[in-house]
Protein chains: 2
Amino acid sequence: MTRQPTLQDVAQAAGVSIATASRVLNGSASATSRTVGPHLRARVLDAARRLHYTANAQAQALARSSNPLVGLLLHDIADPYFSLIASGVLAVAEEYRMRVVIASTGTDPDVAAAHLAALRGQRAQAAILVGSRTTSDAGEARLAEEVEQFTAADGRAACVGQPGLPAHTLCPDNTGGGAAVGRHFRGRSSVAVVAGPGRLQTVRDRLHGFRSGLGRLEDTLVEADFSRDGGYRAAQAVPADTTAAFVMSDVMATGFCTGLRDRGLRIPQDVWVAGFGDVPSVRDLSPALTTVRLPLVEMGARALTLALGEERPQTIGVPAELVVRGSSGA
Amino acid sequence: MTRQPTLQDVAQAAGVSIATASRVLNGSASATSRTVGPHLRARVLDAARRLHYTANAQAQALARSSNPLVGLLLHDIADPYFSLIASGVLAVAEEYRMRVVIASTGTDPDVAAAHLAALRGQRAQAAILVGSRTTSDAGEARLAEEVEQFTAADGRAACVGQPGLPAHTLCPDNTGGGAAVGRHFRGRSSVAVVAGPGRLQTVRDRLHGFRSGLGRLEDTLVEADFSRDGGYRAAQAVPADTTAAFVMSDVMATGFCTGLRDRGLRIPQDVWVAGFGDVPSVRDLSPALTTVRLPLVEMGARALTLALGEERPQTIGVPAELVVRGSSGA
DNA sequence: CTGTTAGCGCTTTCAA
DNA sequence: TTGAAAGCGCTAACAG
């Protein structure tokens, strides 16, 4: 490799000291950096351009002991629920001119904890944890511990999901959203719920809300992973006389509807279906999917804004709104 | 903030030299690092744990002059086409235990070039550029120049899209895929094409392939952005007597189908529709969408594997396979 | 097997 | 306004 030009090289080429070169090239916005004469300044800029100089971000981070970096940890980037949130995070990061390192952690809090430790190693200024808390108390405790380490190292953490972590929290109204679906389903004779993994707090909240909204408990519970195919399979597992199904994510619901249809059941004549999240594509199913709207992109944006802005951890509720469409008779 | 513990602190706490601490904590896998006595080793590990020590990744990168980092530049993470590719990249990065910094660049080559320069500044080992080349010769030239700088700095670059950059290239068969749709549409009387922005090479390739497959040129061309709503609007813009429409992305096609339906046209009785990409959700449209399958997740995985593995830039074709479904009469 | 020490490239006082 | 020099935290020879 052609060794990367260093500030040293630029300074030399411009015939100035390395300090001067630093001031004109990477000088912080602070007033003290503008103090370079126009003549030298021009020479430095010119030399930098000629050499294709780019500051070594590591060295800068080390010297400044701060790194314009935010970590984004989410369950699965291939799921639109998460990629939409990610898109909001990226937009804000761009505004703040921060880089973002991303990782898919799955649902294991220990994996998230490990990544968070790595982020601390990178001296990231912020970390956004997107996804559900779990019922693994031990795991959650370790994650919380790691969040505290991160915060102690002057990092800002924000979580999109349930409260429970010592960090900013954006808390979608899973219970309320579930309840709205439950109320909407009142009067339907035989109700099924397609849930995600039971260890996820999100799943519990949505289920609990749903049942309280429905006003009774006789539902059939089918557990699936949060995938399209999981939803499809769940449609085979549901009782034949089901007249309404609450599927806990839009991605699952999408597969679920197809599964139902392949089984000869009609939506909504035979079965009402409702999802959760309101990702864009569910409007285009036929019939369009009734679902609970979450402002996903904004949630991502908000989470980073919060992390970067607010000093004291805040918990902020995010309203979840039932959107009734054709899949439940609209 | 509680100052982060340094290697110094750990060494002190363990009563050993900083070198020893370094060897046990961050020692490269090379044989020379295992040479620490079990006794001291244990003391160091213990001290590190007590202090919650995490190596400063910046300092490490600087000292080692290499950074286990890959950059991922794509048009729009909210689009499943890209998020699926991203998911493949993340999986491989995880295997290699590399971090990935991600950025949405839109379609402007200069934005990508700027991000690439930043990646060079971070001494990233690899960069994956996902997205179409454009017809902006000047912009592409600047991007190519930047790729060369990146490579010169010992970085590996891989591109998912068209050839044209001095890097590894994973080249989906856009022309062939388009042609397959064209052949499939032969015999349909009035054909429309919903294209993305004309400045994208991908769009040109798919269109060119389509026309050659169709065997004639009298199609109606509607240009839209690559969004769901763009597809929906395009459905209003297409001639009323259209009997077949090739929509150049699945996301657009998804909205397009709804637009057509809202306009009173039936799929496939009145209009055949085909998309491109085969993202998971299009199987669940009714009728299911005919489309051109691209192995998106694998493409992402392959791109990074290639970048990390192969020295000499290679161009690899990725087959695109027509999948006929209900939206075109299957 | 362990410790000393010279950098890695940049920022930032402190003097001049 | 400019330059000299002391680190930032860690790695990697080189000595012992």
Side-chain angles (χ1 to χ4, degrees), chain A residues 1 3-44 47-48 51-68 118 120-123 153-154, chain B residues 1 3-44 47-48 51-68 118 120-123 153-154:
Chain A
M1 96 176 189
R3 190 177 62 78
Q4 280 292 289
T6 70
L7 200 51
Q8 182 71 261
D9 300 325
V10 176
Q12 203 151 26
V16 303
S17 81
I18 180 179
T20 299
S22 170
R23 286 192 264 255
V24 4
L25 259 15
N26 314 314
S28 343
S30 67
T32 51
S33 54
R34 280 265 167 269
T35 57
V36 173
H39 185 212
L40 289 191
R41 158 175 299 273
R43 284 203 345 234
V44 169
L51 299 178
H52 293 288
Y53 171 75
T54 306
N56 183 320
Q58 267 66 46
Q60 259 179 231
L62 186 56
R64 297 209 246 247
S65 67
S66 112
N67 197 0
R120 182 158 56 92
Q122 299 163 231
R123 305 299 185 263
D154 233 15
Chain B
M1 96 176 187
R3 189 177 63 80
Q4 281 292 289
T6 70
L7 198 52
Q8 182 71 263
D9 300 324
V10 175
Q12 203 151 25
V16 302
S17 81
I18 179 179
T20 299
S22 171
R23 286 193 266 257
V24 2
L25 259 13
N26 314 313
S28 346
S30 66
T32 51
S33 54
R34 280 263 166 270
T35 57
V36 172
H39 185 213
L40 290 192
R41 156 176 300 273
R43 286 209 335 241
V44 170
L51 299 178
H52 294 288
Y53 171 75
T54 306
N56 183 320
Q58 267 66 45
Q60 260 180 224
L62 188 56
R64 293 191 176 140
S65 67
S66 110
N67 197 0
R120 183 158 56 92
Q122 298 162 232
R123 303 300 183 261
D154 234 15

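Note that these values count all heavy atoms, side chains included, but never hydrogens, waters or copies made by symmetry. Every chain is numbered from 1 and lettered A, B, ... according to where its sequence line falls, protein lines coming before strand lines.
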K.L.:
According to side-chain contact (heavy atoms from CB on, under 4.5 Å), who are the partners of B/A118, at least two apart in sequence or on a separate chain?
P.N.:
B/Q122
K.L.:
Considering only nitrogen or oxygen atoms on both sides, find all protein atoms under 3.5 Å from nucleotides 8-10 of chain C and state each distance.
P.N.:
residue : atom : partner : partner atom : Å
C/dC8   : O2   : B/A63   : N            : 3.3
C/dG9   : N2   : A/A59   : O            : 3.4
C/dC10  : OP1  : A/Y53   : OH           : 2.4
C/dC10  : OP1  : A/N56   : N            : 3.3
C/dC10  : OP2  : A/L7    : N            : 2.3

K.L.:
Checking B/S22 now: which residues fulfil side chain to side chain donor-acceptor pair (under 3.5 Å) with it, not counting sequence neighbours?
P.N.:
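So B/S22 forms no side chain to side chain donor-acceptor pair (under 3.5 Å) with any residue.
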K.L.:
Using the side chain to side chain donor-acceptor pair (under 3.5 Å) criterion, which residues pair with B/S65? Sequence neighbours excluded.
P.N.:
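So B/S65 forms no side chain to side chain donor-acceptor pair (under 3.5 Å) with any residue.
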K.L.:
Give me the bend of the helix from C/dC1-D/dG16 to C/dA16-D/dT1, using the axes of the five pairs at each end, rounded to 10°.
P.N.:
40°
K.L.:
Quick one, B/L40 and B/V24 - any side-chain contact, counting heavy atoms below 4.5 Å?
P.N.:
no
K.L.:
Roughly how far, to the nearest 0.5 Å, is CD of B/Q4 from CG of B/L51?
P.N.:
10.5 Å
K.L.:
Return the set of residues passing side-chain contact (heavy atoms from CB on, under 4.5 Å) with B/A47 (not counting sequence neighbours), or none when no residue passes.
P.N.:
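Listed in chain order: B/V10, B/A13, B/A14, B/R50.
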K.L.:
Quick one: A/N67 CG to C/dT11 C1', roughly how many Å, whole number?
P.N.:
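After rounding, the gap between these two atoms is 14 Å.
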K.L.:
Can you measure A/H39 atom NE2 to D/dT2 atom C1' for me and round it to whole angstrom units?
P.N.:
14 Å
K.L.:
Once you round to the nearest 0.5 Å, how far does CG of A/D9 lie from CD1 of A/I18?
P.N.:
9.5 Å
K.L.:
Rounded to the Å, how far apart are B/R23 CZ and D/dC14 C1'?
P.N.:
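Checked: the CZ to C1' distance equals 11 Å.
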K.L.:
Testing A/R120, A/R123, A/Q58 for side-chain contact (heavy atoms from CB on, under 4.5 Å) with B/N56, which one passes?
P.N.:
A/R123
